[in-house]
Amino acid sequence: MIRLGIPSKGRLMGQTFDWFSERGINLVRSDSDREYAGHIQGIKNVQLIFLSASEIPRELSAGRLHFGVTGNDVIQEKLVLFNQLVKPISELGFGFADLIIAIPSFWVDVKTLDDLDAVSAQFRDKHGYRLRIATKYHRLLREFLMKAGVADYQIVDSQGATEGAVKNGLAEAIADITSTGDTLKANHLKILSDGLILKSQATLFKSLTSDFSQEENQVANSLLKKLRAKN
């Protein structure tokens with residue numbers, strides 16, 4: 001049985017259904033909204049598993065899913081050495097978002113990562129603690145700032161409403177995803193000119209750790225052939 005992980009709610013789930021449907025593959029959810037399972041119409045031996053987008057990387061890496069749809073930002077944040085665990089099959093053309101670093105708009109002299117590095121040192125000297133950056137993307141932020149030579153900061157975990165962390169006094173800067181930038185502007189934040197960490201979109205991934213039987217390989221190849229025919 002091929003197990004395909006699908007986002008369990010919201011626009012991402014609806015757009016995933018539409019993307020497959022446009023390629024002649026109709027995803028069907030179980031009659032009960034409370035049952036997080038389904039199937040593909042007309043294709044046997046494929047089970048749909050509905051999970052949050054943040055859970056799908058874990059299940060792919062563990063081999064409990066054969067395929068899954070999620071953002072590549074989540075894949076790269078959740079999975080160390082992700083290239084050895086999953087393989088991107090197709091970008092889906094929706095769920096676009098940029099993972100960026102943003103700072104208060106009134107920091108008029110701070111425009112780049114070098115500026116942020118200088119401000120971080122001054123901030124610690126003045127306040128006695130490191131400049132705080134609110135984010136849920138801990139690993140991606142650390143790797144990005146390490147490459148940029150920025151070290152004098154601390155991460156504040158934020159699992160929601162990150163854009164409000166500066167306004168609410170919880171942090172001095174943020175690292176979060178944005179699509180239009182409107183929420184950043186509403187919270188008086190601006191993106192550093194070189195503060196783009198990652199460009200992301202919804203992507204279909206294949207697990208590299210899942211064991212495919214001969215029959216499962218046939219089903220998977222048939223499914224992928226249909227998808228690629230549209231592309």
Side-chain angles (χ1 to χ4, degrees), residues 51-62 68 70-88 91 95-105 107 109-179 181 183-184 187-203 205 207-209:
L51 300 164
S52 72
S54 62
E55 292 174 318
I56 288 174
R58 179 193 67 207
E59 299 304 299
L60 284 168
S61 67
T70 190
N72 52 297
D73 60 320
V74 186
I75 287 285
Q76 293 190 37
E77 171 63 26
K78 298 286 186 181
L79 303 182
V80 179
L81 302 176
F82 65 93
N83 284 324
Q84 298 178 22
L85 300 171
V86 297
K87 175 184 177 181
E91 295 178 331
F96 292 102
D98 294 342
L99 177 58
I100 52 85
I101 297 177
I103 59 172
S105 299
W107 289 11
D109 295 328
V110 183
K111 300 177 182 178
T112 68
L113 289 166
D114 284 342
D115 297 334
L116 181 65
D117 186 40
V119 166
S120 297
Q122 296 168 9
F123 185 91
R124 187 175 187 182
D125 289 341
K126 181 177 180 179
H127 297 281
Y129 60 92
R130 290 180 174 143
L131 183 145
R132 300 166 296 172
I133 304 177
T135 189
K136 67 177 179 180
Y137 295 94
H138 297 209
R139 193 169 70 83
L140 286 173
L141 176 61
R142 284 196 186 98
E143 290 179 356
F144 182 74
L145 292 181
M146 181 178 65
K147 290 178 182 177
V150 179
D152 219 354
Y153 68 92
Q154 60 178 313
I155 289 178
V156 175
D157 182 59
S158 176
Q159 295 298 319
T162 302
E163 297 94 337
V166 174
K167 184 177 180 180
N168 294 328
L170 304 177
E172 286 68 52
I174 70 163
D176 200 16
I177 55 170
T178 182
S179 53
T183 306
L184 294 175
N187 285 277
H188 310 291
L189 299 171
K190 65 179 182 180
I191 302 171
L192 292 174
S193 63
D194 53 355
L196 174 63
I197 300 173
L198 176 73
K199 296 185 78 68
S200 180
Q201 67 173 294
T203 302
F205 290 94
S207 170
L208 296 179
T209 62

Holding to side-chain contact (heavy atoms from CB on, under 4.5 Å), I want the full list of residues that pass it with [X], two or more places apart in sequence or in another chain.
X      : answer
Leu208 : Lys87
Leu85  : Ser61, Leu79, Thr209
Ala175 : Ile101, Ile133, Thr135, Leu141, Ile197
Asn83  : none

(request) Could I get the full list of salt bridge (Lys or Arg N to Asp or Glu O under 4.0 Å) partners for Glu91, not counting sequence neighbours? (result) none
What residues form a side-chain hydrogen bond (donor to acceptor under 3.5 Å, both in side chains) with [X], not counting sequence neighbours?
X      : answer
Thr183 : none
Asn72  : Ser200
Asp157 : His138, Gln159

(request) Looking only at non-hydrogen atoms, find the nearest pair between Ser120 and Leu131 and report the distance. (result) OG-CD1, 4.1 Å
(message) Considering only residues two or more places apart or on different chains, which pairs with a residue in residues 119-132 satisfy salt bridge (charged side-chain N to carboxylate O under 4.0 Å, His left out)?
(response) Arg124-Asp152, Arg130-Asp152, Arg132-Glu172
(message) Filter on salt bridge (charged side-chain N to carboxylate O under 4.0 Å, His left out), then keep only pairs touching residues 111-120, sequence neighbours left out; what's left?
(response) none
Check: [Y] and [X] side chains under 4.5 Å, non-hydrogen atoms:
X      : Y      : value
Arg142 : Tyr153 : yes
Leu192 : Thr112 : no
Phe205 : Pro88  : yes

(request) Verify, without hydrogens or angle tests, whether Thr203 (side chain) and Gln201 (backbone) share a donor-acceptor contact under 3.5 angstrom. (result) yes
(request) Mark yes or no for whether Asp194, through its side chain, and Leu113, through its backbone, hold a donor-acceptor pair below 3.5 Å. (result) yes
(request) List for me each residue that meets ring pair (Phe, Tyr, Trp, His ring centres under 6.0 Å) alongside Phe144, sequence neighbours excluded, and say none if there are none. (result) none
(request) Write out all pairs satisfying side chain to side chain donor-acceptor pair (under 3.5 Å) with one or both partners inside residues 162-171, taking only residues at least two apart or from two chains. (result) Ser158-Thr162
